[in-house]
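For ligands, and for the atoms within them, numbers begin at 1 and follow the listed sequence.
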Amino acid sequence: MASIFSKIVDGTIPSYRVAEDDRHYAFLDINPVAPGHTLVIPKRETDYIFDLSDEDFAALHLFSKKVAQAIRAALPCKRVGVAVMGLEVPHAHIHLVPLNTEKDMDFSAKDTDPDPEQMKNIAEMIADKFSELNA
Ligand code: AMP
């Protein structure tokens, strides 16, 4: 059965899209630990990130780097933190979290009811910066 993230890629499930290329898709985490918390996935479904081929693993990280640069340009943050968990969704993904303090990386403190308008605006701001930086 297709993962929830594959359904996001094929448009069956909506998402706050941030960026994509032919092999990768980036979108806001629906329960962000900080505003701008983004997930980056390979479009081709693989459960465990460390089962990706070396080439796919490297490509995912290089695409994540571009997304992180767009997040930092779009949002007020000191750094963009990186995490890999995969305990909930069996489709490889990288969490990118705009950080101002260590607490912004607290995955036990998710916003379970983010404002849809704010999510839309944040996704658009990151998407605009991504386009600008990669024109
Ligand atoms: P994990 O697999 O432990 O890395 O966690 C999966 C992450 O995916 C969690 O942070 C969820 O909030 C997020 N998530 C689950 N479903 C969706 C969705 N439909 N859209 C965006 N993010 C999601």
Side-chain angles (χ1 to χ4, degrees):
M1 201 176 81
S3 76
I4 192 165
F5 289 171
S6 287
K7 290 179 182 170
I8 283 176
V9 171
D10 72 20
T12 317
I13 291 178
S15 66
Y16 296 98
R17 180 186 171 281
V18 159
E20 72 181 300
D21 68 7
D22 55 335
R23 293 168 62 188
H24 308 98
Y25 190 79
F27 55 105
L28 295 186
D29 193 299
I30 202 70
N31 296 134
V33 294
H37 177 179
T38 297
L39 302 176
V40 186
I41 65 171
K43 289 183 177 175
R44 193 173 66 208
E45 187 174 330
T46 296
D47 175 352
Y48 188 43
I49 193 168
F50 296 116
D51 285 336
L52 290 171
S53 71
D54 289 356
E55 204 277 325
D56 287 346
F57 184 81
L60 178 64
H61 282 78
L62 288 173
F63 187 74
S64 298
K65 177 180 173 181
K66 290 182 185 175
V67 176
Q69 286 167 335
I71 291 172
R72 193 159 183 229
L75 302 173
C77 60
K78 289 184 181 162
R79 301 267 168 164
V80 174
V82 180
V84 170
M85 292 184 292
L87 294 171
E88 188 186 318
V89 179
H91 183 141
H93 54 280
I94 291 176
H95 294 256
L96 297 176
V97 183
L99 299 178
N100 286 298
T101 76
E102 218 174 87
K103 288 193 177 121
D104 292 329
M105 206 77 177
D106 179 359
F107 282 85
S108 65
K110 294 179 174 183
D111 181 352
T112 55
D113 188 23
D115 176 47
E117 196 57 32
Q118 195 195 8
M119 292 284 277
K120 187 169 165 284
N121 289 341
I122 289 172
E124 279 172 12
M125 283 193 289
I126 301 171
D128 286 350
K129 284 294 176 193
F130 185 88
S131 300
E132 206 177 296
L133 292 171
N134 295 285

- Message: Is there a polar contact, in the sense of an N or O pair closer than 3.5 Å, between L39 and ligand 1?
- Response: no
- Considering only heavy atoms of K110, which atoms of ligand 1 have at least one such atom less than 4.0 Å away? 9 (C), 10 (O), 12 (O)
- Message: Once you restrict to heavy atoms under 4.0 Å, what part of F5 touches ligand 1? Side chain, backbone, both or neither.
- Response: side chain
- Message: For a 4.5 angstrom cut-off between non-hydrogen side-chain atoms, does K78 reach L99?
- Response: no
- Looking only at protein heavy atoms, what sits closest to atom 5 (O) of ligand 1 is E88 CB, 3.6 Å
- Message: Taking only non-hydrogen atoms of L28, do any sit less than 4.0 angstrom from ligand 1?
- Response: yes
- Message: Looking at R44, I'd like to know if its CZ atom is crowded, meaning that more than 12 non-hydrogen atoms belonging to other residues, nucleotides or ligands lie closer than 6.0 Å.
- Response: no
- Query: For atom 6 (C) of ligand 1, which of M85, H37, H93 has the closest heavy atom?
  - Reply: H93
- Above 12 or not: heavy atoms from other molecules or residues under 6.0 Å from CD of E55? yes
- Task: Quick one: look up the protein heavy atom nearest atom 3 (O) of ligand 1 and list residue, atom name and how far away it is.
- Result: L87 N, 3.0 Å
- Task: Compare all side-chain heavy atoms of M119 with those of P32 and state whether any distance is below 4.5 angstrom.
- Result: yes
- Query: Near N31, which atoms of ligand 1 are under 4.0 Å from a heavy atom of that residue?
  - Reply: 12 (O)
- Query: Nearest protein heavy atom to atom 7 (C) of ligand 1, by residue and atom, and its distance?
  - Reply: D29 OD2, 3.5 Å
- Message: Is it the case that over 12 heavy atoms from other parts of the model lie below 6.0 angstrom from the OH atom of Y48?
- Response: no
- Query: Does F5 have its ring centroid less than 6.0 Å away from the ring centroid of F27?
  - Reply: yes
- Task: Decide whether an N or O pair under 3.5 Å exists between G86 and ligand 1.
- Result: yes
- Item | Rounded distance (nearest 0.5 Å) linking atom CG of D29 with atom CG of L96 | 11.0 Å
- Query: Between I13 and ligand 1, does any nitrogen or oxygen pair lie at a separation below 3.5 Å?
  - Reply: no
- Task: Quick one: look up the protein heavy atom nearest atom 19 (N) of ligand 1 and list residue, atom name and how far away it is.
- Result: I8 CD1, 3.7 Å
- Do the side chains of R23 and D56 get nearer than 4.5 Å, heavy atoms only? yes
- Message: Please list the nearest protein heavy atom to atom 17 (C) of ligand 1 with its residue and the distance rounded to 0.1 Å.
- Response: I30 CG2, 3.7 Å
- Message: Between ligand 1 and F27, can you find any atom pair, the residue atom being a heavy atom, that is separated by under 4.0 Å?
- Response: yes
- Would you sort out whether H91 and I4 count as a side chain to side chain contact (heavy atoms under 4.5 Å, CB included), showing the intermediate values? CA-CA 8 Å; H91 183 141; I4 192 165; over 6 Å; no
